Amino acid sequence: LPSKLVKPISRESLTKQRNLWDAFIDLHGPIQCIYTAKPLYKKEYDLDHFIPWSFVSHNLLWNLLPIDGSVNSSKSNNLPNLDEFLHPFATVHQELVKTIYHQSPNNKLLEDYLTLHDSISELAALPNDKFELIFRKTMSPMVQIAENMGFSYWQYPNKL
């Protein structure tokens with residue numbers, strides 16, 4: 001219980017999560033950055049905490065996404081605009097879940113999604129709109145609470 005109430009002093013390594021995204025890229029091909037539309041290749045991306053780590057204090061897979069490195073430093077600890085970025089974010093995660101689940105249904109990292117839905121097999125089989133709705137129901141209140149706490153929204157510099 002104390003580990004849930006006190007923010008960790010430092011972040012854990014993202015090596016396991018990065019290895020899973022690399023395996024996904026091996027199977028799926030490059031991922032399109034949801035912010036820049038640039039193709040992202042294995043080992044040539046940063047892992048972004050969609051909802052900032054400084055708010056969530058975890059490295060659960062469902063909140064991480066490969067993005068262009070320059071965007072990651074620009075986004076920093078700011079919130080994404082869900083109206084603009086939730087759909088592409090959820091779409092990439094849905095492909096990840098489907099691909100990795102069918103390749104390796106017992107992959108331990110997929111268990112991170114059990115905080116969103118009670119069955120990985122069901123999650124992997126959901127239609128796009130239902131999958132995205134699960135993410136919206138999770139992300140929307142988190143973003144609102146973070147905003148209420150003073151977190152700012154981020155906008156990609158080319159869209160200013």
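Computed from a predicted model, the values in this text were never measured in an experiment.
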So, taking the atom named [atom1] in [X] and the one named [atom2] in [Y], what distance separates them when rounded to the nearest 0.5 Å?
{"X": "L64", "Y": "F50", "atom1": "CG", "atom2": "CZ", "result": "11.5 Å"}
{"X": "N77", "Y": "S152", "atom1": "CG", "atom2": "OG", "result": "10.0 Å"}
{"X": "D129", "Y": "E132", "atom1": "CG", "atom2": "CD", "result": "8.5 Å"}
{"X": "T15", "Y": "L20", "atom1": "OG1", "atom2": "CG", "result": "12.5 Å"}
{"X": "I31", "Y": "E44", "atom1": "CD1", "atom2": "CD", "result": "12.0 Å"}
{"X": "I51", "Y": "F151", "atom1": "CD1", "atom2": "CZ", "result": "10.0 Å"}

Are [X] and [Y] joined in one hydrophobic group, where the rule is that I, L, V, M, F, W and Y side chains link up if heavy atoms are under 4.5 Å apart?
{"X": "I145", "Y": "L82", "answer": "yes"}
{"X": "Y41", "Y": "L27", "answer": "no"}
{"X": "Y153", "Y": "V56", "answer": "yes"}
{"X": "F135", "Y": "L114", "answer": "yes"}

Trace of the side-chain contact (heavy atoms from CB on, under 4.5 Å) decision for V92 with L65: CA-CA 8 Å; V92 174; L65 188 70; 3.4 Å; yes
Step-by-step side-chain contact (heavy atoms from CB on, under 4.5 Å) determination, W21 to L96: CA-CA 8 Å; W21 281 107; L96 174 78; 3.6 Å; yes
[X] to [Y] - nearest heavy-atom pair and separation:
{"X": "L61", "Y": "D112", "answer": "N-OD2, 2.8 Å"}
{"X": "F55", "Y": "M149", "answer": "CE1-SD, 3.5 Å"}
{"X": "I34", "Y": "P88", "answer": "CG2-CB, 3.7 Å"}
{"X": "C33", "Y": "D68", "answer": "SG-N, 3.5 Å"}
{"X": "L126", "Y": "K98", "answer": "O-CE, 4.3 Å"}
{"X": "A146", "Y": "L79", "answer": "CB-CD2, 3.7 Å"}

Backbone of [Y] reached by a side-chain donor or acceptor of [X] within 3.5 Å:
{"X": "Y45", "Y": "R18", "answer": "yes"}
{"X": "S104", "Y": "I100", "answer": "no"}
{"X": "T99", "Y": "E95", "answer": "yes"}
{"X": "N78", "Y": "K75", "answer": "yes"}

Sequence-distant partners of K42, side-chain contact (heavy atoms from CB on, under 4.5 Å), two or more places apart: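 Counting only residues at least two positions away or on another chain, K42 forms a side-chain contact (heavy atoms from CB on, under 4.5 Å) with D22, I25, D26.
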Trace of the side-chain contact (heavy atoms from CB on, under 4.5 Å) decision for N59 with H49: CA-CA 8 Å; N59 293 327; H49 288 80; 2.6 Å; yes
Where at least one partner belongs to residues 116-126, residue pairs that pass side-chain hydrogen bond (donor to acceptor under 3.5 Å, both in side chains), sequence neighbours excluded: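 Counting only pairs at least two positions apart or across chains, the side-chain hydrogen bond (donor to acceptor under 3.5 Å, both in side chains) contacts touching residues 116-126 are H117-E122, S119-S121.
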Any K130 side-chain heavy atom under 4.5 Å of I134 side chain: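 They are not in contact (no side-chain heavy atoms under 4.5 Å apart), so the answer is no.
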Trace of the side-chain contact (heavy atoms from CB on, under 4.5 Å) decision for M139 with N63: CA-CA 9 Å; M139 300 288 189; N63 189 45; 4.0 Å; yes
Parallel, tilted or perpendicular, as decided by the 30° and 60° cut-offs, for the rings of Y35 and F85: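 Aromatic pair F85/Y35 classed perpendicular.
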H93 and F89 aromatic ring geometry - parallel, tilted or perpendicular at 30°/60° bounds: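 Rings of F89 and H93: tilted, 30 to 60°.
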W154/S76 under side-chain hydrogen bond (donor to acceptor under 3.5 Å, both in side chains): CA gap, chis, key distance, verdict: CA-CA 9 Å; W154 173 83; S76 186; over 6 Å; no
Ring-face cation of R136 near F131 (centre distance under 6.0 Å, axis angle within 45°):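 Relative to the ring axis of F131, which defines the angle, R136 lies outside at least one limit.
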CD (Q144) with more than 12 external heavy atoms under 6.0 Å: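 Above 12, so yes.
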